[in-house]
Amino acid sequence: MSFFARLKEGLSKTRKSFTSRLDALLVGKKVDAGLMEELESLLIGSDFGLETTERILAEARQRCLNAQREDAAHFREVLKDVIWDQLASARTPWQMAEKPHVILVVGVNGVGKTTTIGKLATHFHGEGKKVMLAAGDTFRAAAVSQLEKWGERARCPVIAQGQNADSASVIFDAYTAATARRMDLLIADTAGRLHTKLNLMEELKKIKRVLGRQQDKAPQDVWLVLDATTGQNAIQQVRHFHESLALTGLVITKLDGTAKGGVVVGISAQFKIPIRFIGVGEGANDLKPFDPDLFIDALFDR
């Protein structure tokens, strides 16, 4: 099965709750104030967010007025184009910089950071890159062994210390090892953080400072892993982590488990942070680079 087919299947819940209802709303109608209210409820209910919803509908309505067409079929295509426009930041290409290029992976407890890192390692190794993993989640008992298993599966070395070791020290050692072994990429795990706990966020800032002392541009990336099933709570997570760490990318997982995939659009539109990968399943190959064209086509497929 192609990734588009998996993506389409993974977005089936969102497509059923959003696109199918959208088509039902538009049948035989003209674009008027009453329809716009119904559409606003639909988009908000699909977790596009209030601010993004208002922006999308205002722009779509204006384009229809400019074209002097208010029929439903035309409005559907305009709406699709406007939603596509909201994903502009996701079309920013990702490029590796200095070697080792460091990706610091962060997120709250339970979003699947360690599993996501294993899938990222599998992806980059498959592209021929030399990848090393740093087991910086030293607080969760199973995290180190879990990452080591993913390292074996992806054929990537893992630098680890014991449980409760200093996370910054582990990642410091990993960077030194990655430099000595001429690795292309170092992906560093971190312990889950409650985004509202300032002391825990300070520990992540410490890791950034430690890496910066070794290489002034490290970490080159800070990626936040989000669970799409958390909906609007994911937006709060982005806000808090971005304020503290200056995020450079997002990885959104579990899109196959939610009917509110509109959160992808809402986050991209609100924060302008590139979405680097999305996950639509449990398999190692179900995490892929985000392609906004495929996403919109899968979302709006009849």
Side-chain angles (χ1 to χ4, degrees), residues 4-92 226 228-236 238-239 250 252 254-275 278 280 290-302:
F4 177 74
R6 291 202 301 275
L7 177 61
K8 185 177 174 182
E9 181 180 334
L11 288 175
S12 60
K13 292 182 180 179
T14 295
R15 194 166 54 251
K16 182 178 180 180
S17 67
F18 171 67
T19 316
S20 297
R21 289 177 60 197
L22 172 66
D23 290 339
L25 280 176
L26 293 176
V27 171
K29 293 185 179 180
K30 289 186 177 181
V31 182
D32 57 21
L35 178 60
M36 296 301 285
E37 287 186 9
E38 292 183 277
L39 291 171
E40 182 178 70
S41 296
L42 174 59
L43 266 68
I44 291 173
S46 298
D47 262 353
F48 283 77
L50 177 60
E51 180 182 330
T52 302
T53 293
E54 291 178 343
R55 184 186 307 127
I56 288 172
L57 293 179
E59 176 64 21
R61 182 70 186 276
Q62 189 60 51
R63 291 188 190 185
C64 286
L65 290 173
N66 292 344
Q68 297 184 336
R69 288 188 58 181
E70 295 190 5
D71 57 284
H74 179 67
F75 183 82
R76 186 186 193 276
E77 291 308 308
V78 169
L79 186 65
K80 179 178 177 180
D81 289 342
V82 173
I83 292 175
W84 184 86
D85 289 343
Q86 304 308 304
L87 297 172
S89 62
R91 291 188 285 277
T92 304
L226 297 168
T229 64
T230 62
Q232 288 299 293
N233 186 256
I235 290 180
Q236 296 304 316
V238 176
R239 178 173 291 110
L250 304 173
I252 302 179
K254 304 180 185 178
L255 278 168
D256 56 317
T258 181
K260 297 184 176 184
V263 71
V264 173
V265 180
I267 289 172
S268 179
Q270 187 167 341
F271 295 100
K272 308 296 190 291
I273 301 171
I275 299 169
I278 58 170
V280 291
F290 181 60
D291 183 328
D293 297 330
L294 290 183
F295 179 82
I296 293 298
D297 286 345
L299 181 63
F300 275 85
D301 189 90
R302 292 180 184 273

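These figures come from a predicted structure and were not determined experimentally.
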Is there any ring pair (Phe, Tyr, Trp, His ring centres under 6.0 Å) pair reaching into residues 30-70, and which pairs are they, with sequence neighbours excluded?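 Ring pair (Phe, Tyr, Trp, His ring centres under 6.0 Å) check on residues 30-70 returns Phe18-Phe48.
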Show me the pairs that pass ring pair (Phe, Tyr, Trp, His ring centres under 6.0 Å) and involve residues 56-87, at least two apart or across chains.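 Ring pair (Phe, Tyr, Trp, His ring centres under 6.0 Å) check on residues 56-87 returns no pairs.
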Is it true that Arg61 and Asp32 have a side-chain N and a carboxylate O under 4.0 angstrom from each other?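 A salt bridge is absent here (no side-chain N lies under 4.0 Å from a carboxylate O).
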Does the pair Glu51/Arg55 count as a salt bridge with the N-to-O cut at 4.0 Å? yes
Identify the residue among Ile56, Thr52, Val78 that makes a side-chain contact (heavy atoms from CB on, under 4.5 Å) with Ile83. Ile56
Can you measure from [atom1] ([X]) to [atom2] ([Y]) and round to the nearest 0.5 angstrom?
{"X": "Arg21", "Y": "Ser41", "atom1": "CZ", "atom2": "OG", "result": "8.5 Å"}
{"X": "Gln86", "Y": "Ile267", "atom1": "CD", "atom2": "CD1", "result": "13.5 Å"}
{"X": "Leu7", "Y": "Ile278", "atom1": "CG", "atom2": "CD1", "result": "5.0 Å"}
{"X": "Ile252", "Y": "Ile275", "atom1": "CD1", "atom2": "CD1", "result": "4.0 Å"}
{"X": "Thr14", "Y": "Asp47", "atom1": "OG1", "atom2": "CG", "result": "9.0 Å"}
{"X": "Leu294", "Y": "Lys8", "atom1": "CG", "atom2": "NZ", "result": "12.0 Å"}

side-chain hydrogen bond (donor to acceptor under 3.5 Å, both in side chains) contacts touching residues 259-271 (sequence neighbours left out): Ser89-Ser268
Do [X] and [Y] touch side chain to side chain, with heavy atoms closer than 4.5 Å?
{"X": "Ile296", "Y": "Lys80", "result": "yes"}
{"X": "Val31", "Y": "Leu26", "result": "no"}
{"X": "Asp291", "Y": "Phe4", "result": "no"}
{"X": "Thr19", "Y": "Leu11", "result": "no"}
{"X": "Glu40", "Y": "Met36", "result": "no"}
{"X": "Arg239", "Y": "Gln236", "result": "yes"}
{"X": "Leu299", "Y": "Val264", "result": "no"}

Looking only at atom types and distance, does a side-chain atom of Arg76 sit under 3.5 Å from a main-chain N or O of Phe300, one as donor and one as acceptor?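 Indeed, once roles are kept as given, a pair shorter than 3.5 Å links the two residues.
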Expected output: side-chain Ser20 to main-chain Ser17 donor-acceptor under 3.5 Å: no
Tell me, please, which residues at least two apart from Asp85 pass salt bridge (Lys or Arg N to Asp or Glu O under 4.0 Å). Arg63
Any residue meeting side-chain contact (heavy atoms from CB on, under 4.5 Å) with Lys29, in chain and number order, not counting sequence neighbours: Leu25, Leu35, Glu38
Output all residues satisfying side-chain contact (heavy atoms from CB on, under 4.5 Å) with Ile273, sequence neighbours left out; order by chain, then residue number. Val238, His242, Leu247, Leu250, Phe271
If you take all heavy atoms of Arg91 and Pro292, which pair is closest and at what distance? CG-CG, 3.3 Å
Residue pair Val263 / Gly231: nearest heavy atoms and the distance that separates them: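 In this case the closest contact between Val263 and Gly231 is CG2-O, 3.5 Å.
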Does NZ in Lys272 sit with more than 12 non-hydrogen atoms of other residues, nucleotides or ligands closer than 6.0 Å?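 Buried by this count: over 12 neighbours within 6.0 Å.
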